[in-house]
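Just so you know, residue 1 is the first one in the sequence shown, and it goes up from there.
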Amino acid sequence: MMMYVEKPRVQEYFTFSIAWLLSFRASELERILSKFGQDTRKIERSVLIGCSDRREAWFALDLSLGSLCSSDSLQKSEMETELQGSFIQLRKALFQLNEKDTSLIFTAQALLRWHECHQFCGKSGQPTQKNVAGSKRICPSSNMIYYPQMSPVVITLVSDRTRCLLARQSSFPKGMYSALAGFCDVGETLEEAVRREVAEEVGLEVDSLQYSASQHWPFPNSSLMMACHATVGPGQTEIHVNSQELETAGWFSLEEVATALKRKGPPSNEQDGTIPFWLPPKAAIAHRLIWEWVQKQSSSSNLA
């Protein structure tokens with residue numbers, strides 16, 4: 001997915017597979033689309049993602065270069081030359097984006113994907129139509145109105161009060177560990193979802209939990225991440241990893257985690273070929289949970 005975002009400056013990042021932030025107005029974007037053989041009416045598919053301090057509307061557009069076969073790759077190279085920059089995967093860009101731009105791109109990614117996947121009415125089976133802002137889709141046949149939705153997800157950092165538990169899925173980049181996470185089931189409360197996920201994934205029983213914060217997350221689809229800290233009781237720390245959910249999980253000391261927090265992005269291989277474990281970027285709420293735990297543990301150590 002490639003993305004156009006109308007914003008008053010050019011930046012070198014962006015989205016799901018490939019994307020970009022541009023300073024071009026609609027007329028300039030029409031010229032670029034025409035140059036690369038794309039229908040200029042595609043601009044009508046853009047979605048409103050925010051507004052500048054100067055009340056300039058910011059819109060995002062999927063440029064759709066496709067699967068990047070040889071011809072697509074050539075077009076990508078030519079477009080990079082035209083835009084005087086280079087495209088980058090959004091997950092990699094998270095190590096470079098500031099908080100404001102992250103929010104804009106997350107919104108764009110989620111909205112564009114939602115529109116792509118909800119083009120027909122579930123009641124009549126007829127095509128739906130996007131409103132100008134992209135905040136909803138309407139079925140002219142059934143008069144049904146569809147709004148973008150987010151799936152609730154709990155993300156939990158488990159601690160035994162002196163160590164924290166970090167885990168990794170096989171889909172994670174090599175060496176990266178994070179907090180436990182899972183979708184909420186229908187009818188569950190936040191607390192019930194946390195206790196169930198921790199029990200299912202690592203076989204631990206939560207003794208107490210505390211809510212931290214929330215974040216919109218566009219991967220793999222639009223989710224509302226609800227972050228919590230959880231503790232387990234003394235002597236209840238034996239991990240039983242659910243191999244269907246996780247690749248591995250383990251307890252990490254304050255020193256280990258604090259060192260990992262200082263690493264900026266994926267680390268290089270050690271001399272023996274191993275990769276030091278590293279943590280999600282600051283843009284991810286998992287990073288915030290881990291940082292909060294380190295701060296609390298450090299304060300407790302200083303008081304002691």
Test side-chain hydrogen bond (donor to acceptor under 3.5 Å, both in side chains) on Thr156 and Glu197; report intermediate values, then the result. CA-CA 9 Å; Thr156 309; Glu197 282 293 335; over 6 Å; no
Pairs satisfying side-chain hydrogen bond (donor to acceptor under 3.5 Å, both in side chains), at least one member in residues 250-259, at least two apart: Ser253-Glu256
Are the side chain of [X] and the backbone N or O of [Y] linked by a donor-acceptor pair below 3.5 Å?
X      : Y      : result
Lys130 : Ser46  : yes
Gln215 : Ala286 : no
Tyr146 : Gly122 : yes
Trp278 : Lys174 : yes
Asn131 : Ser135 : yes
Glu188 : Asp185 : yes
His287 : Pro280 : yes
Gln129 : Ile138 : no
Asp160 : Val232 : no
Arg137 : His118 : yes

I'd like to check [X] versus [Y] (side-chain heavy atoms, cut-off strictly below 4.5 Å). Are they in contact?
X      : Y      : result
Pro127 : Gln119 : no
Arg168 : Ser178 : no
Cys164 : Val158 : no
Val294 : Leu261 : yes
Val202 : Leu246 : yes

So that I can tick it off, tell me whether Glu192 and Arg196 are bridged by a salt bridge, with the cut-off set at under 4.0 angstrom between side-chain N and carboxylate O. no
If the threshold is 4.0 Å, N to carboxylate O, is there a salt bridge linking Arg161 and Asp207? yes
Between Glu292 and Ser212, does any side-chain donor sit less than 3.5 Å from a side-chain acceptor? yes
Do Ser222 and His216 get their side chains close enough for a donor-acceptor pair, meaning under 3.5 Å? yes
How close do [X] and [Y] get, counting heavy atoms only, and between which atoms?
X      : Y      : result
Leu289 : Ala179 : CD1-CB, 4.5 Å
Ala181 : Val153 : CB-CG1, 4.4 Å
Tyr211 : Cys228 : CA-SG, 4.0 Å

Name all residues meeting the ring pair (Phe, Tyr, Trp, His ring centres under 6.0 Å) criterion together with Trp293; count only those two or more places apart in sequence or in a different chain, and write none if there are none. none
For the pair Phe219 and Trp217, name the ring-plane relationship: parallel under 30°, tilted 30 to 60°, perpendicular over 60°. perpendicular
Which salt bridge (charged side-chain N to carboxylate O under 4.0 Å, His left out) pairs, counting each pair once, include a residue from residues 229-243, with sequence neighbours left out? none
Run the side chain to side chain contact (heavy atoms under 4.5 Å, CB included) test on Leu190 and Leu209 for me, step by step, so that the C-alpha distance in whole Å, both residues' side-chain angles and the decisive distance to 0.1 Å come before the verdict. CA-CA 10 Å; Leu190 171 63; Leu209 64 90; 5.8 Å; no
Distance (rounded to the nearest 0.5 Å) between Thr128 OG1 and Ile145 CD1: 12.0 Å
Find the distance between NE2 (His115) and CG (Leu111) and round it off to the nearest 0.5 Å. 5.5 Å
Tell me, with the steps shown, if Thr231 and Ser208 meet side-chain hydrogen bond (donor to acceptor under 3.5 Å, both in side chains). CA-CA 5 Å; Thr231 56; Ser208 63; 2.5 Å; yes
Walk me through it: do Leu254 and Thr162 pass the test side chain to side chain contact (heavy atoms under 4.5 Å, CB included)? CA-CA 7 Å; Leu254 172 60; Thr162 59; over 6 Å; no
Ring centres of Phe277 and Phe252 under 6.0 Å apart? yes
